[in-house]
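Since this is a predicted model, take the numbers as computed values, not measurements. Chain letters run A, B, ... following the sequence lines, proteins first, then strands; residues in each count from 1.
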Protein chains: 2
Amino acid sequence: MRNKAVMTIGKASASSGVPPKTIRFYEELGLLKPAERFANRYRAYDESNIQTLRFIRRARDLGFSLQEIDKLLGLYRNRRRASEDVKRLALAHIAELDHKIAELTRIRDTLAELARRCRGDQRPECPILDELELPPS
Amino acid sequence: MRNKAVMTIGKASASSGVPPKTIRFYEELGLLKPAERFANRYRAYDESNIQTLRFIRRARDLGFSLQEIDKLLGLYRNRRRASEDVKRLALAHIAELDHKIAELTRIRDTLAELARRCRGDQRPECPILDELELPPS
DNA sequence: GCTTGACGTTCCAGTGGCGGGAGGGTCTAT
DNA sequence: ATAGACCCTCCCGCCACTGGAACGTCAAGC
C-alpha cells in the first residue's frame, strides 16, 4: 500500500494540469476543500485530490462554469446520484453553447459579407465603416 | 440650423442605445474624449457624439473589443484612411470568430455525444462523469 | 556551514466590460 | 415646499484567473 503518494502543490499541478495559483484559487472559492498541510504548512495532495483536480480541468475544457462544476462534483461524489441530473446539466450547457455558436456565426457572416465588399486598397471608401455608422439595424 | 441639439447623458443614451454608465466608462477609458459640460456640470452631447456612440455600439454588437474599436474609430475619423487597414482589422476579427466557433463546436459535439450515451434516468451510471474523471485526453 | 535557487506561503492588484448602489447635487412639476 | 427624475463621483462585485511583492522552506553544491 505505497499508493498513498502525498505531494506538494507543484507536483499536484504537474499531475493534474491545473496551475498552482489556480488550485489555491479554487480552494479559496470553496470549490475544493481546504488542503491538508505538511508540518511546514505546505499544502499536501494525494491521488484523490489529483482526481478531483483532473475532473475540474476536464470540465473546464468542456466549457462548464465553476458553478456548474461545483454541482457536477457533488454528483460525481454522490454514489446515489441520478444520471438524469447530470444529463440535465449537460443539456443545459449544450443549449448555451448552441446559443453562443449561433450568435458568433451570425456575427461572423455579417462581418464576412462586409469585408467581402470592401476593396481593401489605399482608398478610404469602406462598407464596413459605412455599416457601423448607420443607426442600429 | 437648429440641428445643434445638445442633450444630457440620458438622452444621449436613449438615442444611441449605450447605457449612461457605459458612456461614462468609455470616457474614463479614453475611448471617448471627455464630454463638454453644461453649467451644472452635467455632460453635454451633440449629434456627432451620438454618431460615435452608435458606431461603438454597432461595433460591440459585431464582437469587436474596445481596443479594436479604438482603432476603428481612428480610421472612421480619418478621411485619408486606407480601406486596407479597416479590412485587415475585420479579417483578423473574423479569424478570431472562426477560431472560437470551431472550439465551441468541438466542445458542443463532444458533450452532445456524451449526453446521447447517458440514459438520464434514476440510476447513477453516467458516461459524462466517466469521461470527466479520465486523465486528460 | 553557507549560499543559491527552486520551491512554497500570503496578500494585493489587474484583466474586460460593464452593472449596482451609496451618497450626494440639480431640475421640473405640482 | 416637496416629490421624483435626473445627474454627479466613487467604490465594489462579477468571472476565472494571472502576475507580482515580500517572505519562509528545503535540497544541493562549494
Between atom [atom1] in [X] and atom [atom2] in [N], what is the gap in whole Å?
X     : N      : atom1 : atom2 : value
B:L29 : C:dG16 : CG    : P     : 9 Å
A:I23 : D:dG19 : CD1   : P     : 15 Å
A:D70 : D:dA16 : CG    : P     : 11 Å
B:F64 : C:dC18 : CZ    : C1'   : 20 Å
B:N40 : D:dA5  : CG    : C1'   : 14 Å
B:L62 : C:dG17 : CG    : P     : 15 Å
B:E28 : D:dT9  : CD    : P     : 10 Å
A:K11 : C:dC7  : NZ    : C1'   : 9 Å

One thing to verify: whether A:R43 and A:E27 come together as a salt bridge, which I'm taking to mean a side-chain N less than 4.0 angstrom from a carboxylate O.
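A:R43 and A:E27: salt-bridged.
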Please determine if B:R116 and B:E113 form a salt bridge, counting it only when a charged side-chain N lies under 4.0 Å from a carboxylate O.
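Counted as a salt bridge, because a side-chain N and a carboxylate O are separated by less than 4.0 Å.
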Rounded distance (nearest 0.5 Å) linking atom CD1 of B:I107 with atom NZ of A:K100
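Reported value, rounded in 0.5 Å steps: 9.0 Å.
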Atom CG of B:L66 and atom OG1 of B:T22: how far apart are they, to the nearest 0.5 Å?
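Between atom CG of B:L66 and atom OG1 of B:T22 there are 9.5 Å.
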Reckon [X] has a side-chain N or O less than 4.0 Å from the OP1 or OP2 of [N]?
X     : N      : answer
B:R43 : D:dC7  : no
B:R24 : C:dC18 : no
A:R37 : C:dT10 : yes
A:T22 : D:dA16 : no
A:S65 : D:dC15 : no
B:T8  : D:dC7  : yes

Where each residue is assigned the nucleotide of DNA chain D containing its nearest heavy atom, which of A:F25 and A:A39 is assigned the position nearer the 5′ end?
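Between the two, 5'-proximity favours A:F25.
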Taking for each residue the nucleotide of DNA chain D bearing the nearest heavy atom, is the 5' side occupied by B:G10 or by B:K21?
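Closest to the 5' end, via its nearest nucleotide, is B:G10.
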Nucleotide nearest B:R60 (side chain, heavy atoms from C-beta), chosen from D:dA16, C:dT9, C:dG17
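Given the options D:dA16, C:dT9, C:dG17, the side chain of B:R60 is closest to C:dG17.
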From D:dC17, C:dC18, D:dC8, nucleotide with atom closest to B:Y42 side chain:
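Per side-chain heavy atoms of B:Y42, the pick is D:dC8.
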Specify the closest pair of heavy atoms between A:Y76 and A:R81, including all atoms of both residues, with the distance to one decimal.
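Smallest interatomic distance, heavy atoms only, reads O-NH1, 3.1 Å.
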Is it the case that C:dG17 (base atoms only) and B:Y26 (side chain only) share a donor and an acceptor within less than 3.5 Å, ignoring hydrogens and angles?
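By the distance-only test, no, there is no pair.
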